[in-house]
There are 2 protein chains.
Amino acid sequence: MTTTKNISTTGTQFEGQPVGKKAYHHGDLRAALIEATRQLVESKGPDSFSVSDACRLAGVSTAAPYKHFKDKTEMLVAVVLEGMQRHRANMLAALEGIPEASPERITAIGMEYVAFALNEPGIFRLKFGGFTDRISDPRLEEGGQQSFGILLSEVAKCRGETGITEDVRRRGFLLWSFVHGLSFILHNQGLADKGGEFDLHDLLEDVSERMLS
Amino acid sequence: MTTTKNISTTGTQFEGQPVGKKAYHHGDLRAALIEATRQLVESKGPDSFSVSDACRLAGVSTAAPYKHFKDKTEMLVAVVLEGMQRHRANMLAALEGIPEASPERITAIGMEYVAFALNEPGIFRLKFGGFTDRISDPRLEEGGQQSFGILLSEVAKCRGETGITEDVRRRGFLLWSFVHGLSFILHNQGLADKGGEFDLHDLLEDVSERMLS
DNA sequence: AACATATGTTAGAAGTTCTCACTTTGACAA
DNA sequence: TTGTCAAAGTGAGAACTTCTAACATATGTT
């Protein structure tokens, strides 16, 4: 540690902050730590993530995070919650421009679901790989319900229903199971062996139609 | 640590071992550690598993495992491999007595797959939750292929094919995705919310028929 | 019986999470 | 403008981890 003067590495430096001098207070350490955690989870994998690594990346002492998070778990949960929001936003965006009540909308949701698993495997694992199993956080619960709700509403429209009937829930559940499993398999195996030979869009279209008829 | 004389807690004591006196050598520490690891993974969850806990449970020093396993990861892999063998055996056993070339055989495999996820959630998570992603062990690879092979062979028979055609592989892959996703969802949520309202056997039967026709 | 090998043990290095007492800073009231 | 307080940093260290190194003790082969 040779530098007492130091150029900020965060990019979130406040305007009034003199450049070339390290601020004692960070500005927005919470956000910086979440971003550092996200990066590390993606690059090293959730298992290898350590709070100390995140501190090193953010350029603060190892005690600093505990002013913003209860513990390591809460840091990871924060990253998951942020990821889920992006995931939902992506799925909604994927529906833009696709005719209402068409199975293609279901396919589009599935494509986006798989894309998230492949593009952000670290967060996907944290969210669905069991890490959250023993954590009862209403925000995690609620986020999952919302995502499922998007799918259910599309299924209802495709089936010509106005509400979420039991039949809609059942078909939605089956579709969700399939897309979830497909995502996990591709996520695990990186398209290498099983499944890699098939066109993703074809598979999703196929299943959407089978499940809606 | 008050006892120098100690009754073996492992149940795998050798016959010649005088009862009431702790042996310096364990007898089969490798197996005992695998069993301890399995128990802890199921009771505390894979994330909370520590080698030291396993040592305490097996009644040996924390350095002992390293005579049998390269590191912590290798201990967990050993547990996964043993679990996969049981999983395969269960699936094959579930087929007994079910008429050949009937979709009910596919359903039976699915039921067993889900049962494993619910009965041995710790191992299920280790195997499929991403832990093995960065581990390239041919035995893990091979085990997965074998399980998938069981399904493929049943699909082929149902479709009246003699070999594993592309159509068979495609249907098998779709079925597997579904069952895998279903297992994961039920595993995560313990049947609590989504999906718990439906009869498992019905769902599997439904999907098997949709995918085979 | 003796020796080589396998399989234990203790001690400890390096790294982890998290707490505690302390310091610095920004904000706001007087 | 200035004094004070709360928020948000710091360093030190306790308790735990994984894993290594050096040593001790059984086992089985000759």
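In what follows, chains carry the letters A, B, and so on, assigned in the order in which the sequence lines appear, proteins first and then strands, with residues in each chain numbered from 1. Just the heavy atoms: all of them, side chains too, but no hydrogens, waters or symmetry mates, feed the values below. Quick caveat, the model's predicted, so the values are computed rather than measured.
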Novice: Evaluate the ring planes of A:H180 and A:F124, with Trp represented by its six-membered ring, and classify them as parallel (under 30°), tilted (30 to 60°) or perpendicular (over 60°).
Specialist: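 A:H180 vs A:F124 ring planes: tilted.
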Novice: Are a donor atom and an acceptor atom from the side chains of A:E120 and A:H187 found within less than 3.5 Å of each other?
Specialist: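 Absent: no donor and acceptor within the cut-off.
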Novice: Can you tell me how far apart CD (B:E104) and NE2 (B:H201) are? Round to the nearest 0.5 Å.
Specialist: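 If we round to the nearest 0.5 Å, B:E104:CD and B:H201:NE2 are 4.0 Å apart.
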Novice: Calculate the interatomic distance between A:D28 atom CG and D:dA8 atom P; express it in whole Å.
Specialist: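 Rounded to the whole Å, the gap is 10 Å.
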Novice: Which of residues 38-51 of chain B sit near DNA chain C, with a heavy atom under 4.0 Å from it?
Specialist: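 Here the set is empty: none.
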Novice: Ignoring the backbone of B:L29, work out which of C:dG8, C:dT9, D:dT17 is nearest its side chain.
Specialist: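 The closest nucleotide is C:dG8.
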Novice: Just verifying a value: how many Å separate B:L81 CG and B:E142 CD, rounded to the nearest 0.5 Å?
Specialist: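 CD of B:E142 is found 9.5 Å from CG of B:L81.
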Novice: Given B:D206, which partner from the list A:R171, A:R210, A:R170 fulfils the salt bridge (charged side-chain N to carboxylate O under 4.0 Å, His left out) test?
Specialist: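 Among A:R171, A:R210, A:R170, the one meeting salt bridge (charged side-chain N to carboxylate O under 4.0 Å, His left out) with B:D206 is A:R170.
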Novice: Is there a side-chain polar atom (N or O) of B:R56 under 4.0 Å from OP1 or OP2 of D:dT17?
Specialist: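 It does, given that an N or O in the side chain of B:R56 lies less than 4.0 Å from OP1 or OP2 of D:dT17.
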Novice: Could you check whether any side-chain N or O of A:E74 sits under 3.5 Å from a backbone N or O of A:F69, counting only pairs where one atom can act as donor and the other as acceptor?
Specialist: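 No, the answer is negative, given that no donor and acceptor are paired below the 3.5 Å cut-off.
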Novice: Does OP1 or OP2 of D:dT18 have a side-chain N or O of B:S52 closer than 4.0 Å?
Specialist: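 Checking D:dT18 against B:S52, a side-chain N or O does come within under 4.0 Å of OP1 or OP2.
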Novice: Could you work out, with side chain to side chain donor-acceptor pair (under 3.5 Å) as the rule, every residue matching B:N119, not counting sequence neighbours?
Specialist: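 Checked B:N119 against side chain to side chain donor-acceptor pair (under 3.5 Å); zero matches.
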Novice: In whole angstrom, give the distance that lies between atom CG of A:D53 and atom P of D:dT17.
Specialist: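 From A:D53 CG to D:dT17 P: 20 Å.
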Novice: Could you identify which residues of residues 66-79 of chain B place a heavy atom less than 4.0 Å from some atom of DNA chain D, listed by residue number, or say none?
Specialist: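 Correct list: B:Y66, B:D71, B:K72.
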Novice: A:A64 and A:L29: which non-hydrogen atoms are nearest, and at how many Å?
Specialist: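 For A:A64 versus A:L29, the nearest heavy atoms are CB-CD2, 3.8 Å.
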Novice: Distance check needed: D:dA7 C1' versus A:R30 CZ, whole Å only.
Specialist: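 The answer, rounded to whole Å, is 15 Å.
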Novice: Picking from D:dC19, D:dG9, C:dC18, which would you name as closest to the side chain of B:T62?
Specialist: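 It is D:dC19.
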